[in-house]
Amino acid sequence: MTDTTTLRDRIGALVAGATRAAINAGTLPDVALPDELVERPRDAGHGDYASSLPLRLARSAMMPPLAIAEAIAEHLPSDDVIDAPQIAPPGFINLSLAEHFVQGEIDRIIEQGAAFADSTLGEGKRVQLEFVSANPTGPLHVGNGRGAAIGDTLASALAAAGYQVEREYYVNDAGTQTDVFAETLYARYQQQHGRDVPLPEGGYPGEYMVDLAIEMREREGDRFLAAPGEPPPAGVREMGIELIVEQIRDTLGTFGTTYDRWFSERSLYEATADGEPSAYDAALAILRENGHLAEREGALWLTSSNLGEDKDNVVVRSDGRPTYFASDIAYHYDKFLTRGFDQVINVWGADHHGHVSRLEVGTEAVTGKGDALHLLLYQLVTLKRGSETVRLSKRGGEIITLDELIEEVGPDAARFFFLLRAPSSQMDFDLDLAVKQSNENPVFYIQYAHARLASILDRAAGEGHTPDGGDVALLTAPHELALVREMLRLSEVIELVATTYEPQHLAHYGMELATSFHAFNDAFRQQGDPNLKVITDDAALTAARLRLVQAAKIALGRVLDLMGMTAPERM
RNA sequence: GCGCCAGUAGCUCAGUGGAUAGAGCGCUACCCUGCGGAGGUAGAGGUCAGAGGUUCGAAUCCUCUCUGGCGUACCA
């Protein structure tokens, strides 16, 4: 039987119950309780959980906080989970987990394995996460890595929190950018066949376009060559996009990110196989029916100023081509009405934020599901070399690719670097420092802890020891119990990430869990007592400690896995 | 101009209503010489951009000011 609530919820329920008991007993007036009843105190000396409820109730109850604390504590007897409460001025109730409860959790972690901290918070709701979705006109750059790390980890955390998650990459294969891209590619392709043609105005000058043209020539020969002076023949654009998307997929694969679906923007304009209208036609029909469209200056506008926006937005240009905004409305029609997701999260770079409110309004107008759409913006990465800012632009030519970053520091360090920071935080990424400090990246501190745990289990097995049957009641030392307590926080961290969409909490937790292990592992050295080692002459104690080590390895491995990083057995 | 996101230790950043504001890196001292030293403990280092307000309590919420990034297209 899996516990579906976090420890924090259970303790909170105890406090709520005690408060109601006090009210029933007449020692407290009848007052309303807030949602959050307990928190994790910063100072370990204040217990595992603490409630400031007495302070918050003081006014409405018209009683001194300490008297309220007494009244609640009276109905909070020590039980299987917690010891007797401690009251601390000016009005806190401090609660500590009972020793035998903490010990027992080791057995539970081993029994449940990697899923030990999962929850049912999401109730199986279907969530779709769309992230990266960079234009298929060039390789991914370093900044795209941030979106990949955030989106992918968020998806994992949501899955752990009981949501049914789908990861998706939206391929913008329909817009004007792809026309320019095709023209540039075709120019490079002609150059590969010895023609002296210039790059188009506003084209993509990057060297990768030459590589792409070479690839195309090698695969297809001169099949795409039209008469000189003619525009790119049919298929050039599709071929180029296919090649680029292949590259992007490879890069993200190396980065540890895979998708359930690569969604083509063009497909939004195609009728379905069984004759249903395209998503684009269907979405526009709804808007028209509800009077949200108006023709003006030869273009078709969404009259979003009637829906709370500060201006209207063009849906179909005066030349008849739909805008990117139209595609996005159709895309969200597809997400909500065709595929029926309960919740949709788009992870976007902050340079898209001008697009946020109009998409929310447009989505609401078409699907009525505006509330289920969450647009998560991450601030752009400022690249630096030393103190100098590096300007990135596919069209300007200079790109620091995600591939190059991965090559320099490895996928794990790159991911962790991005995950440590809140999405809303602007990041300076010093390329020189990133390479120089890759060996000091905290990710190795976490992975090293995992490798040491694996090593202890290996060595013990070699000496004929096994965790099986170990009695966890033998584990009473503070550094042993502290390690278990730290593991028990994981379920709360997962729910925190899943509800706030802030993956950095997981990264910081990983460091803290690793610290607890390193401190545990060092304890016997500092005290110079070989009996404090995991593997000792005492067979029963050894087995018990091996259970702790096994559980810690499960917990740490799970954290690394959620962040999309490897959990090495040795380094 | 208007809008969005930020400003916390030397550097890069956590902390979004609770108790003495933290981590990594860098710096100093010490421990341990290992079941893996990519380790442990401690210390120095802070006007939480500034001012006012709300609250029993504010880095956290509100207002204003300053600074930085981004947006404000019939580009995506």
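Bear in mind that the values here come from a model prediction, so they are computed numbers and not experimental data.
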Report which part of the nucleic acid [X] touches: base, sugar-phosphate, or nothing (heavy-atom distance under 4.0 Å, all strands).
X: A/Asn94; value: base
X: A/Ala299; value: base
X: A/Arg40; value: nothing
X: A/Arg421; value: base
X: A/Ala451; value: base
X: A/Ala523; value: nothing
X: A/His518; value: sugar-phosphate
X: A/Gln447; value: nothing

Does [X] make a side-chain N or O approach to OP1 or OP2 of [N] shorter than 4.0 Å?
X: A/His505; N: B/G15; result: yes
X: A/Gln504; N: B/G15; result: yes
X: A/Arg321; N: B/C75; result: no
X: A/Ser424; N: B/A6; result: yes
X: A/Arg452; N: B/G36; result: no
X: A/Tyr445; N: B/G40; result: yes
X: A/Ser425; N: B/A14; result: yes
X: A/Thr176; N: B/A76; result: yes

Watson-Crick or G-U wobble partner of [N], both distances under 3.5 Å:
N: B/C4; result: B/G69
N: B/G26; result: none
N: B/A38; result: none
N: B/C61; result: B/G53

Does NZ or CZ of [X] come closer than 6.0 Å to the centre of the six-membered ring of [Y], within 45° of the ring's axis?
X: A/Arg489; Y: A/Tyr509; value: no
X: A/Arg452; Y: A/Phe517; value: no
X: A/Lys335; Y: A/Tyr331; value: yes

Report the distance from atom [atom1] of [X] to atom [atom2] of [N], rounded to the nearest whole Å.
X: A/Leu506; N: B/G15; atom1: CG; atom2: C1'; answer: 16 Å
X: A/Asn144; N: B/A76; atom1: CG; atom2: P; answer: 18 Å
X: A/Met427; N: B/G69; atom1: CE; atom2: P; answer: 17 Å
X: A/Arg489; N: B/G15; atom1: CZ; atom2: C1'; answer: 12 Å
X: A/Tyr378; N: B/C70; atom1: OH; atom2: P; answer: 14 Å
X: A/Arg146; N: B/C5; atom1: CZ; atom2: P; answer: 15 Å
X: A/Asp310; N: B/C2; atom1: CG; atom2: P; answer: 14 Å
X: A/Asp522; N: B/C35; atom1: CG; atom2: P; answer: 11 Å

Output the single nucleotide from [options] whose closest atom is nearest the side chain of [X].
X: A/Glu39; options: B/C74, B/C35, B/G18; value: B/G18
X: A/Arg42; options: B/G15, B/C4, B/A76; value: B/G15
X: A/Gln379; options: B/C35, B/C5, B/G15; value: B/C5
X: A/Trp301; options: B/A38, B/C74, B/G39; value: B/C74
X: A/Arg317; options: B/G40, B/G15, B/C74; value: B/C74
X: A/Phe92; options: B/A76, B/G36, B/G18; value: B/G18
X: A/His508; options: B/G15, B/G24, B/A14; value: B/A14
X: A/Ser52; options: B/G18, B/G40, B/C74; value: B/G18
X: A/Pro442; options: B/C35, B/G36, B/G24; value: B/G24
X: A/Met571; options: B/C35, B/A14, B/G36; value: B/G36

* Asked: Would A/Tyr448 pass as stacked on B/G39, i.e. its ring centre under 5.5 Å from the base's six-membered ring centre and planes under 30° apart?
  -> no
* To do: Output yes if the stacking criterion (under 5.5 Å between centres, under 30° between planes) is met for A/His352 over the base of B/G71, else no.
  => no
Using the [atom1] atom as the point on both nucleotides, what is the distance between [M] and [N], in whole Å?
N: B/G57; M: B/G17; atom1: C1'; answer: 8 Å
N: B/U41; M: B/U54; atom1: C1'; answer: 43 Å
N: B/A14; M: B/A49; atom1: P; answer: 14 Å
N: B/C4; M: B/U20; atom1: P; answer: 35 Å
N: B/U8; M: B/A23; atom1: C1'; answer: 13 Å
N: B/A58; M: B/G53; atom1: P; answer: 12 Å
N: B/C27; M: B/G69; atom1: C1'; answer: 32 Å
N: B/G15; M: B/C48; atom1: C1'; answer: 11 Å

* No-H, no-angle donor-acceptor pair, A/Thr323 side chain to B/C74 base, under 3.5 Å -> no
Ignoring hydrogens and angles, state whether a donor on the side chain of [X] or [Y] is under 3.5 Å from an acceptor on the partner side chain.
X: A/Glu502; Y: A/His505; result: yes
X: A/Glu309; Y: A/Ser357; result: yes
X: A/Ser304; Y: A/Asn313; result: yes

* Asked: Which residue, A/Pro423 or A/Gln426, contacts RNA chain B at a nucleotide closer to its 5' end, judged by nearest heavy atom?
  -> A/Pro423
* Residue met sooner reading RNA chain B from 5', once A/Pro89 and A/Glu265 are mapped to nucleotides -> A/Pro89
* To do: Assess whether side-chain hydrogen bond (donor to acceptor under 3.5 Å, both in side chains) is satisfied between A/Tyr49 and A/Arg8, documenting all intermediate values.
  => CA-CA 8 Å; A/Tyr49 293 89; A/Arg8 179 190 172 133; over 6 Å; no
* Asked: Is the shortest distance from a Lys or Arg side-chain nitrogen in A/Arg40 or A/Glu492 to a carboxylate oxygen in the other one below 4.0 Å?
  -> yes
* Lys/Arg N to Asp/Glu carboxylate O, A/Arg237 vs A/Glu242, below 4.0 Å -> no
* **Mutual orientation of the aromatic rings belonging to A/Tyr448 and A/His518 [parallel < 30°, tilted 30-60°, perpendicular > 60°]** => parallel
